Amino acid sequence: MRLYNTLTRTVDEFSPREPGQVGMYVCGPTVQDVPHLGHARAVIVPDVLRRYLEWTGLEVLHVRNVTDIEDKIIARAEAEGRMAAAVADHYGRVYDEQIARLGVLPPHIVPRATGHVLEMIELIERLIEVGSAYPAGGDVYFAVRSFPGYGKLSGRSVDDLRAGARVDPDERKRDPLDFALWKAAKPGEPSWRSPWGPGRPGWHIECSAMAVKYLGDGFDIHAGGLDLQFPHHENEIAQLEAASGRQFARWWVHNGLLNIGAEKMSKSVGNIITLAEAIDGHGADVLRLYYLQAHYRSPVEFSEERLVEAGTAYARWLAFLRAVGDIEPSAAGSEPDDARRRFVAAMDDDLSTPQALAVLFDLVSAGNAHLAAGRRAEAAALRGAFTELAAVLGFGLERSERPTSVAPLVELLLELREQARARRDFAAADAIRERLAAAGVVVEDTSEGARWHVGG
Ligand SMILES: [Zn+2]
């Protein structure tokens, strides 16, 4: 397989560090808010890469971290009057729920930053030892100029960066480019003990420490959104390579962003479509189809129209599958094998999902032609190739024919229960509540009417 590597700026033949095994680290969420549609792309792209590598026979160890301590989480906790840990726990659960609805394979290891503070402290101590970091007033900073390779990922030179850097007169840093590895705790902030006093790790050191703990030096693939390339990924490399003298990650895979107008979808811009809204409105497979129609490195311009078009195209897939039904396939002719070959050629060409999808659309067209001509067993053979290849791209197919949300159904049952109570039919009202409880939906009666949630 040929895969673009941001580090070399070329499409290189991908070969894992150890034959048959691939270590992949993906930068996970900072859990301070609900995930939005832009976040979906940063999990769908590594999901498709992982599924494809696995389909070709490789074993993938997939690590995706959770940043559960960070400035934004602390700010959110202050705004909500909760503890930072409670904010992180809540939004971490919301994230997991929504990402699972997308049909993304769960990573094998999901390290949380707060569970790895010791590893981060050790890495910082090592950086101080080798002269790449220095403590200053309870903080610790990475000395960017101590690492000759700084800028190699993003293609920037330290001198250009220096010219554009904002100089804060009140800084403890020796150089404006230096960045915090450890931040001294301000009053009321969550903190951990360290050789430099109570504080917390910086965001960049979290990923370096966790990636290398689970995948070792020189692991195969580090993935993330293009918006993380600089400074986050540049800093991850600097920290780890300065400390160990060895290569951090071999392949850097960056997905393009989801833009609305000229801007990326982001909380700070305020142009958010939440992932829950998008899945409720369109279904997980349609969102996946929408994203995979673009090459993973290209930006995607948000368009409601294109999403609706993807929905129409997807409906044709389901119609074909229903039309074929359970017919026994014919002994496979050359058509399914040809399709597999074209699919592999597309995916081997830097994960060209638009071409891979074209193979799926062609299979449906050819299958429909067989059906129209009464060649049902031939159509069934193409269905077999179609469902196999669609699964490699992560489509759930029958899964997404079910309602994507139970909320409207629960609301309907609660309305019927209200009506039963209004006509004093308490037996019926209780029966509805009990049946919902048996299905895992807990109903609580409050002064503002019935509230419900799923689970204990
Ligand atoms: Zn990261």
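In each ligand, atom 1 is the first atom listed, and ligand 1 is the first ligand listed. If you're wondering where the values come from, they're calculated on a predicted model, not measured in any experiment.
Residue side and main chain included, H204 places no N/O/S atom under 2.8 Å of the Zn ion (ligand 1). Under 2.8 Å from the Zn ion (ligand 1) lies an N/O/S atom of C207, whether from backbone or side chain.
Of the N and O atoms on the side chains of W452 and E411, at least one donor lies less than 3.5 Å from an acceptor on the other residue.
By the 30° and 60° cut-offs, the orientation of the rings of Y134 relative to Y141 is tilted.
For NZ of K72, the number of neighbouring non-hydrogen atoms (other residues, nucleotides, ligands) closer than 6.0 Å is 12 at most.
When distances from the Zn ion (ligand 1) to the N, O or S atoms of H232 are compared, NE2 comes out shortest. Restricting E236 to its N, O or S atoms, the one at the least distance from the Zn ion (ligand 1) is OE2.
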Problem - Residues E234, H204; criterion side-chain hydrogen bond (donor to acceptor under 3.5 Å, both in side chains); working and verdict - result: CA-CA 9 Å; E234 194 73 63; H204 313 302; over 6 Å; no
